[in-house]
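Written out below as structure tokens is the structure these notes cover.
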Protein chains: 2
Amino acid sequence: MSEPDLAAALSGLSGWERAGDQIKRTFTFADFLASMRFVNQVALAAEEQQHHPDILVRWNRVTLTLSTHDAGGITERDFRLARHADTLAAGER
Amino acid sequence: MSEPDLAAALSGLSGWERAGDQIKRTFTFADFLASMRFVNQVALAAEEQQHHPDILVRWNRVTLTLSTHDAGGITERDFRLARHADTLAAGER
């Protein structure tokens with residue numbers, strides 16, 4: 001993605017930040033089990049899209065880190081999964 | 001745990017290393033879905049033991065980081081969960 005496109009896509013999301021050639025967000029839930037429910041929904045979406053985030057679970061917090069390794073940077077596939085994750089998280093809280 | 005006890009417990013495990021007041025191990029599986037199966041089994045054990053590791057999933061690799069935050073360091077609870085995770089991982093591979 002071009003820098004302007006990337007900035008525009010990021011500005012359309014809430015809570016996501018850019019970290020080099022990745023985008024990341026930390027979600028906070030009620031407890032560990034809620035985190036795991038979210039993680040499993042994200043895993044399902046990731047497998048469907050064949051696009052897998054790095055997933056870090058720290059009890060009630062889940063950090064997703066997204067990058068398109070094949071493309072060497074951030075692509076529309078990352079934003080697609082990011083938006084999906086946001087929707088899933090909203091359903092969990 | 002005393003330093004000698006800690007060293008003895010670590011030497012009884014394979015693949016785990018100490019990182020300050022934590023112990024950690026990275027497990028490698030066949031693919032993302034195998035990683036997720038392992039993660040869910042670990043999550044179940046963690047909830048049963050009320051002792052929750054930090055869990056990082058990177059496609060076919062899962063890193064568990066264990067510490068007993070209440071006690072400010074590594075305790076027998078960490079080694080108990082570590083051994084359990086090793087058993088679960090052995091069943092997945």
Side-chain angles (χ1 to χ4, degrees), chain A residues 16-17 19-75 77-78 80-82 84-85 88-89 92-93, chain B residues 16-17 19-75 77-78 80-82 84-85 88-89 92-93:
Chain A
W16 290 83
E17 63 181 69
D21 59 355
Q22 306 178 314
I23 56 173
K24 62 195 290 185
R25 179 175 178 185
T26 297
F27 300 85
T28 304
F29 299 100
D31 55 24
F32 179 70
L33 289 181
S35 290
M36 288 304 304
R37 282 194 298 271
F38 172 68
V39 163
N40 277 294
Q41 290 184 293
V42 168
L44 190 63
E47 197 65 12
E48 285 173 352
Q49 298 178 21
Q50 281 298 301
H51 192 57
H52 302 84
D54 289 351
I55 304 170
L56 174 63
V57 184
R58 302 183 72 184
W59 201 63
N60 72 328
R61 281 169 296 152
V62 178
T63 301
L64 301 182
T65 304
L66 286 162
S67 186
T68 306
H69 303 287
D70 293 349
I74 304 164
T75 69
R77 297 182 70 193
D78 300 305
R80 180 182 172 209
L81 187 54
H84 196 143
L88 294 171
E92 185 56 56
R93 285 178 294 193
Chain B
W16 288 84
E17 63 181 69
D21 59 356
Q22 304 178 315
I23 57 173
K24 62 194 290 185
R25 178 175 178 182
T26 297
F27 301 85
T28 304
F29 300 99
D31 56 22
F32 179 71
L33 289 181
S35 290
M36 288 304 304
R37 283 194 298 271
F38 172 68
V39 164
N40 277 294
Q41 290 184 293
V42 168
L44 191 63
E47 196 65 12
E48 284 173 352
Q49 298 179 22
Q50 281 298 301
H51 192 56
H52 302 83
D54 289 351
I55 304 170
L56 174 63
V57 184
R58 301 184 75 185
W59 202 63
N60 72 330
R61 282 169 295 152
V62 178
T63 302
L64 301 182
T65 305
L66 286 163
S67 186
T68 307
H69 303 287
D70 292 351
I74 304 163
T75 69
R77 297 183 71 193
D78 299 305
R80 181 183 171 206
L81 187 53
H84 196 145
L88 294 171
E92 185 57 56
R93 286 178 295 193

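What's counted below: heavy atoms across the whole structure, side chains too, no hydrogens, waters or symmetry copies. In what follows, every chain begins at residue 1, and chains take the letters A, B, ... in the order their sequences are listed.
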**OP:** Determine the option with the most heavy-atom pairs under 4.5 angstrom with chain A, choosing from Arg58(B), His52(B), Arg61(B).
**Re:**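 Result: the option with the highest number of such pairs is His52(B).
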
**OP:** Give the member of Asn40(B), Val62(B), Val39(B), Asp31(B) that has the highest number of heavy-atom pairs under 4.5 Å with chain A.
**Re:**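 Maximum pair count with chain A is reached by Asn40(B).
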
Original post:
Any idea which of Thr65(A), Leu56(A), Ile55(A) has the most non-hydrogen atom pairs under 4.5 angstrom with chain B?
Top reply: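 Greatest number of close heavy-atom pairs with chain B: Ile55(A).
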
**OP:** State the CZ-NE2 distance between Phe32(B) and His51(A), to the nearest 0.5 angstrom.
**Re:**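 Answer rounded to 0.5 Å: 11.5 Å.
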
